[in-house]
**Q** 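Dumping the structure here so I can ask a few things about it.
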Amino acid sequence: QLLLCIFTFAMVLVPEAKDQSKAAKGRRRGPTRPPTDAPALAWALDDSYTSMADYERSIQDMVHQLRNSSEPGDTKCQVNLRLWRSNRRSLSPWAYSINHDATRIPADIPEARCLCTGCINPFTMQEDRTMASIPIYSRLPVRRLLCQVPGEVGHKPSGKKCHKKYQMVMETIAVGCTCIF
């Protein structure tokens, strides 16, 4: 779970922050030049299959850890300072559930679910509903099945044979929660 947060931050949020920082510096000094090329993700379509396979394997490892976790399935809005993982130490704690989609690779992705409506007040350690816990979303690369496999629910048989073909797309997934006023 921690790996998901770290991996997402390193691969998605850090490049965006660098681009925003460069744009902000350009605004201070004068007009900016249009970027020469769009920011690329580490697993863009031109990259080798190995990096995408490694990425998918890391997602599978996180799902495996989530399924085999010895931690009780706590759904209470409370902070646990004894745990080292940030999702339970946050003032806007969250738990993970598995987002399953059979027409996607990876089919299972850990997704954050906020445990509080409000946020934990750090002085009283009680929920304060004058603030709100909201999910933080990130876009993750997945491969999406373009053609349904014959025999699946909702598939209408046609005269043509359907071949499995996957296309790389970005999917929005909740990766954590934060507190807002």
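Below, each value reflects all heavy atoms present in this structure, side chains not excepted, and no hydrogens, waters or symmetry copies. Keep in mind that what you see is a predicted model, and the values were worked out from it rather than measured. The first residue of the sequence shown is numbered 1, and numbering continues consecutively from there.
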**Q** What heavy-atom pair brings Val142 and Pro106 nearest, and what distance separates the two atoms?
**A** CG1-CD, 4.3 Å
**Q** Tell me if a side-chain donor or acceptor on Tyr55 pairs with a main-chain N or O of Pro141 at a distance below 3.5 Å.
**A** yes
**Q** Which heavy atom of Cys114 sits nearest a heavy atom of Pro135, and at what distance?
**A** SG-N, 3.6 Å
**Q** Taking salt bridge (Lys or Arg N to Asp or Glu O under 4.0 Å) as the cut-off, I'd like each qualifying pair that reaches into residues 128-137, sequence neighbours left out, listed once.
**A** Glu127-Arg129
**Q** If I take atom CG from residue Asn87 and atom OH from residue Tyr96, how far apart are they, to the nearest 0.5 angstrom?
**A** 5.0 Å
**Q** Checking side chain to side chain contact (heavy atoms under 4.5 Å, CB included) for the pair Arg113/Trp94: CA distance, chi angles, key distance, verdict?
**A** CA-CA 5 Å; Arg113 175 179 41 84; Trp94 69 90; 5.9 Å; no
**Q** First locate atom CD1 of Ile98, then atom CZ of Arg67, and finally report the distance between them rounded to the nearest 0.5 Å.
**A** 4.0 Å
**Q** Out of the candidates Ser92, Ser90, Pro93, only one should pair with Cys116 under the side chain to side chain contact (heavy atoms under 4.5 Å, CB included) rule; please name it.
**A** Pro93
**Q** Side-chain donor-acceptor pairs under 3.5 Å in residues 167-179, sequence neighbours left out?
**A**
residue	atom	partner	partner atom	Å
Glu171	OE1	Arg144	NH2	2.4
Glu171	OE2	Arg104	NH1	2.5

**Q** Under 4.5 Å between side-chain heavy atoms, counting indirect links through other Ile/Leu/Val/Met/Phe/Trp/Tyr residues: same cluster for Met52 and Ile109 or not?
**A** yes
**Q** Which residues pass the side-chain contact (heavy atoms from CB on, under 4.5 Å) test with His100, not counting sequence neighbours?
**A** Ala102, Ala107, Asp108
**Q** Working to the nearest 0.5 angstrom, can you tell me the gap between Ile120 CD1 and Gln126 CD?
**A** 7.5 Å
